[in-house]
Amino acid sequence: MRRMIPLSRPDITEEDIEEVVEVLKSGRLSLGDHTRKFGEVVAQYVGAKYGWPVSSGTAALHLILESLDVKEGDIVLVPSFTFIASVNVILMKKAIPVFVDVDRRTLNVSSETLEDAIKRCLKGFKQGDVHIKGVPGFFMAVDVFGHPLDWDGVLEVCSRYGITVIEDSCEALGSEYKGKKTGTFGVAGAFAFYPNKQITTGEGGVVVTDSEQIFTLVKSMSNQGRGEDEKWLYHVRFGYNYRIDEMSAALGLSQMERIDRILEKRSEAADRYSKMLKDLPWVQVPVVEEYVTRMSWFVYVIRLNGPDRDRVMKYMEEKGVQVRNYFHPVHLQPFYEKTFGNMRGLLPVTEEESKKTLALPFFTNISPKEQERVVEILEEAVERVG
Ligand SMILES: Cc1ncc(COP(=O)(O)O)c(C=O)c1O
């Protein structure tokens, strides 16, 4: 019986384990030096002034919206082709997510799709059962699968309409657009470290920003609204327990020490897949646009042009190759349909392309042999059931 090839697998070294064990032995398990330092290291790595770690990428995004004082009824532009947390945090603030379609090549929001959505909002339109009319205040930008947006055009549109940009860079730690790292294009950015990410802390996230005010608010609100002096039973504002623990922060620090090697290995694995797949006419491999000076690969997502994606997925899973339909659009998720009504037809490109996407097993230490096996099973699946 062959071993299953998982969709993802964290890269944990002996050094990582030692760092975590050291923390456990120290007795200081929360709010210690590792937490502060992890935030600083991530901020320095991406070129931001401040960084503060929290308990998840979702918490990071929520705190950014809190610190910007997003209000009930505010319009927040967001792609539907993303992980659900990008949109759920907007609902946490009782704001209105307005879904934006994506560019067919990159599956990212483009300046054109963004401007189309803005114009729709200004004119007034129905999103499902909800009538939307107004000036969008915010754009939740997502560097999907690690691929940066085409930021020059997107930022130009946002500045023309006075829209504040929040960057959901949860999938893109280390990616660069024209030499500048993602996470730094909006007023604040978020990274996530779930075990399928480029680096992991188990659960965890980081907020990065150049704004001292956002940093101060995020830090305070992640710790029950305590003030700058962190006095224990004294709370100067509303807050949450979104703290990361010291073990997770130590793991993150240890992983950050080899981030460049991790990203290199992932790039090599992506290149290997692209080479192996290039002669299969029904496979569309992921594009990396020229403006991307460094691609930090989160997942490797192909599109199947022709074969039945769902049947291929089922066959591959049965053969022990874990695959995933990244992403089923948020606006078509049962909860969103219940909340906003039927939105089918709203986003033609998102709806068409998401039917074809297939994430192959992809992780830092995936071996060429495992990748060969994945491609073999993919070909077999298409031949038999596609
Ligand atoms: C685009 C995007 N946004 C937000 C998140 C949320 O991060 P977390 O799972 O750490 O809460 C993720 C992580 O999966 C993500 O991929």
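As the structure lists them, so they are numbered: ligands from 1, and atoms in each ligand from 1. All of these numbers come straight from a predicted model, not from anything done at the bench.
- Close contacts of ligand 1 with Cys170, meaning ligand atoms under 4.0 Å from a residue heavy atom, involve 2 (C), 3 (N), 4 (C), 5 (C), 12 (C), 15 (C).
- Annotation for Phe335: atom CZ counts as buried by contact number, over 12 foreign heavy atoms lying within 6.0 Å.
- Judged purely by distance below 3.5 Å, without hydrogens or angles, the side chains of Ser254 and Asp16 pair a donor atom with an acceptor atom.
- Close approach of ligand 1 to Ser86 is summarised as follows: ligand atoms under 4.0 Å from at least one heavy atom of the residue are 1 (C), 3 (N).
- Counting atoms of ligand 1 from 1 in the listed order, those under 4.0 Å from a heavy atom of Ser56 are 10 (O), 11 (O).
- The side chain of Thr82, and not its backbone, has at least one atom closer than 4.0 Å to an atom of ligand 1 (non-hydrogen atoms only; side chain from C-beta on).
- Proximity of the aromatic rings of Phe238 and Tyr240 is defined here by a centroid distance below 6.0 angstrom, and this criterion is met.
- The one candidate from Lys265, Arg258, Lys197, Arg261 that meets the salt bridge (Lys or Arg N to Asp or Glu O under 4.0 Å) condition with Asp11 is Arg258.
- Among protein heavy atoms, the minimum distance from atom 16 (O) of ligand 1 is reached at Glu171 OE2, 2.6 Å.
- Around atom CZ of Arg237, more than 12 heavy atoms belonging to other residues, nucleotides or ligands sit under 6.0 Å away.
- Here the heavy atom of the protein found nearest to atom 3 (N) of ligand 1 is Asp168 OD2, 2.7 Å.
- Atoms of ligand 1 found under 4.0 Å from any heavy atom of Ala192, numbered from 1 in the order shown, are 7 (O), 10 (O).
- Not a single N or O atom of Glu203, backbone or side chain, sits closer than 3.5 Å to an N or O atom of ligand 1.
- The nearest protein atom to atom 8 (P) of ligand 1, hydrogens excluded, is given as Gly57 N, 3.5 Å; this is a heavy-atom distance.
- Under the salt bridge (Lys or Arg N to Asp or Glu O under 4.0 Å) test applied with Arg105, the options Glu353, Glu290, Glu289 reduce to a single match, Glu289.
- Side-chain contact of Ser222 with Arg243: a donor-acceptor pair under 3.5 Å is absent, judged by distance alone.
- Of the protein's non-hydrogen atoms, the one nearest atom 12 (C) of ligand 1 is Phe83 CD2, 3.5 Å.
- Looking at Lys197 against ligand 1, only its side chain comes within 4.0 Å, counting heavy atoms.
- Remark: distances from the non-hydrogen atoms of Gly205 to ligand 1 are all 4.0 Å or more.
- Defined by atom type and a distance below 3.5 Å, a donor-acceptor pair is present between the side-chain atoms of Asp101 and Thr350.
- Heavy-atom minimum distance, Ser80 versus His331: OG-ND1, 2.7 Å.
- Protein heavy atom nearest atom 11 (O) of ligand 1, with residue, atom name and distance: Thr58 OG1, 2.4 Å.
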